[in-house]
Every structure is written in C-alpha cells, then in structure tokens.
Amino acid sequence: MTVTVRRARTGDVPAMRAIAAPLVERRILLGKEWVESYGAVPEFRVAVDAEGRVVGFGALHVIWSDLGEIRTLAVADEWRGHGVGHALLEALEEDARGYGLSRLFCLTFEVAFFGRHGFVDMGSETVDPDVYAELVRSSDEGVAEFLDLARVKPNTLGNTRMLKRL
C-alpha cells in the first residue's frame, strides 16, 4: 500500500473532514468550521492512495521566524500503521526547512509517534522574552498552546507539548 504526498486542494476538504470527524468525536482533534477548513488549505499536505483518494493529511503553520507548528496530522483508520503519517511528517518537515524554520512544535496525544520522529517533550521551554512579548499578542490558539498560556489549559488537558529541532 503506497501513497503519494502532495499539496492539498480545495476539493480535498470534504475527505479531510471525513477523516477528522471520528477524531473530533473522540476529542483528539479540535473541530473546525467549513470556512476555516477551506482557509487553511495552503498549509496542508495530503496523502493519496493509488486511486487518488485522500487517506491522510497534515499542516505546517509558521509561528515565528524559526518556529512552525505541525497541526492536524491525521490518517484514516484503515491506513494507520502503513507509513502514511511518516510520509506526511517528512513532507511537512521539508516544507519547514524550505521556509527557513529550525524548530517544529506540536501539541499531541500521539507522543510515541512524534517521539519516533525526533520530537521531545518540551516541558517549560518557551522563547526569549522579546519574542514572547510579540507572540503573546497573537489570537492564534496554536501560539497560545505553544506558550502554554493558562487560557488554553482546559482545551489541552492530556496533550503533550513537543518540540523538534531540524
């Protein structure tokens, strides 16, 4: 079972949302409105099978000059364990390097998966005070999670903040 990873297209959004739906129900992923899904298409890569069906997806969101976030990495249940997540993460890391990023953050329940790919629990690590002062102004929830702000704690209970240096 092989897949190809490519940039997402607007036509992929329904399939991506179908893959995400059971994960949203289990509170592993946050649900998004349709308009948010379409607006985020440029950040996403999708994995497609030989017939062109979307079987997984993930996003890279740039947070700062050297920092990006891996967001919403998900694989269809029947494709888990077949290297789809690995292929997606590899493509997203390549994108990150292309943007000049040197660190990647993720907030995840999948600690073992990300650990196998070089991510480590970031504990209380954050950023320099000057950068923090800029980031704290962001309305982006991913930035708030990276900074471990108190206002996001109820939404992230049980997740692990992980970081990888590229």
Side-chain angles (χ1 to χ4, degrees), residues 1-34 36-49 52-64 66-99 101-122 125 140-148 152 155-166:
M1 297 189 349
T2 60
V3 297
T4 302
V5 176
R6 62 165 171 76
R7 294 212 174 272
R9 302 175 186 138
T10 57
D12 298 326
V13 169
M16 293 164 61
R17 289 177 59 93
I19 292 169
L23 300 170
V24 171
E25 285 180 26
R26 294 194 307 252
R27 301 180 67 88
I28 293 170
L29 291 179
L30 293 175
K32 297 191 184 313
E33 298 297 331
W34 281 93
E36 292 175 289
S37 297
Y38 283 112
V41 164
E43 295 184 345
F44 278 90
R45 293 276 187 164
V46 294
V48 296
D49 67 10
R53 292 180 297 241
V54 175
V55 298
F57 60 91
L60 171 65
H61 180 75
V62 176
I63 294 177
W64 197 250
D66 66 331
L67 178 65
E69 179 184 6
I70 299 297
R71 289 185 171 175
T72 322
L73 185 62
V75 175
D77 285 340
E78 64 272 18
W79 282 86
R80 288 182 64 125
H82 295 282
V84 176
H86 171 78
L88 285 163
L89 187 55
E90 199 170 72
L92 294 169
E93 287 181 9
E94 184 177 319
D95 290 345
R97 287 183 188 93
Y99 288 130
L101 304 179
S102 59
R103 296 181 301 158
L104 288 176
F105 160 74
C106 69
L107 181 69
T108 186
F109 289 107
E110 300 293 339
V111 174
F113 170 81
F114 282 98
R116 287 191 304 273
H117 291 89
F119 285 77
V120 296
D121 185 328
M122 64 183 276
E125 181 179 336
D140 186 287
E141 290 300 302
V143 173
E145 290 163 345
F146 173 75
L147 295 175
D148 202 26
V152 296
N155 296 327
T156 61
L157 189 61
N159 287 3
T160 299
R161 296 167 57 234
M162 300 185 82
L163 191 69
K164 178 177 182 174
R165 297 189 188 284
L166 299 175

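Considering only heavy atoms from C-beta on, Arg80 comes within 4.5 Å of Asp77 through its side chain. Arg45 places a side-chain heavy atom less than 4.5 Å from the side chain of Leu92. Contact check for Leu166 versus Arg103: no side-chain heavy atoms found under the 4.5 Å cut-off. The shortest distance between side-chain heavy atoms of Leu163 and Arg165 falls below 4.5 Å. A 4.5 Å side-chain heavy-atom check between Thr160 and Val111 finds at least one atom pair inside the cut-off. Asp95 places a side-chain heavy atom less than 4.5 Å from the side chain of Arg7.
Thr108 contributes a side-chain N or O that, together with a main-chain N or O of Glu110, makes up a donor-acceptor pair within less than 3.5 Å.
For Ile28, the side-chain contact (heavy atoms from CB on, under 4.5 Å) partners two or more places apart in sequence, or in a different chain, are Leu23, Arg26, Phe109. Residues that satisfy the ring-ring contact (aromatic ring centres under 6.0 Å, His included) test with His82, not counting sequence neighbours, are absent from this structure. Not counting sequence neighbours, the partners of Arg6 by the side-chain hydrogen bond (donor to acceptor under 3.5 Å, both in side chains) test are Asp12.
Ring geometry for Phe114 against Phe119 counts as perpendicular: the plane angle is over 60°, on a 0 to 90° scale with 30° as the lower cut.
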Step-by-step side-chain hydrogen bond (donor to acceptor under 3.5 Å, both in side chains) determination, Glu69 to His61: CA-CA 5 Å; Glu69 179 184 6; His61 180 75; 5.7 Å; no
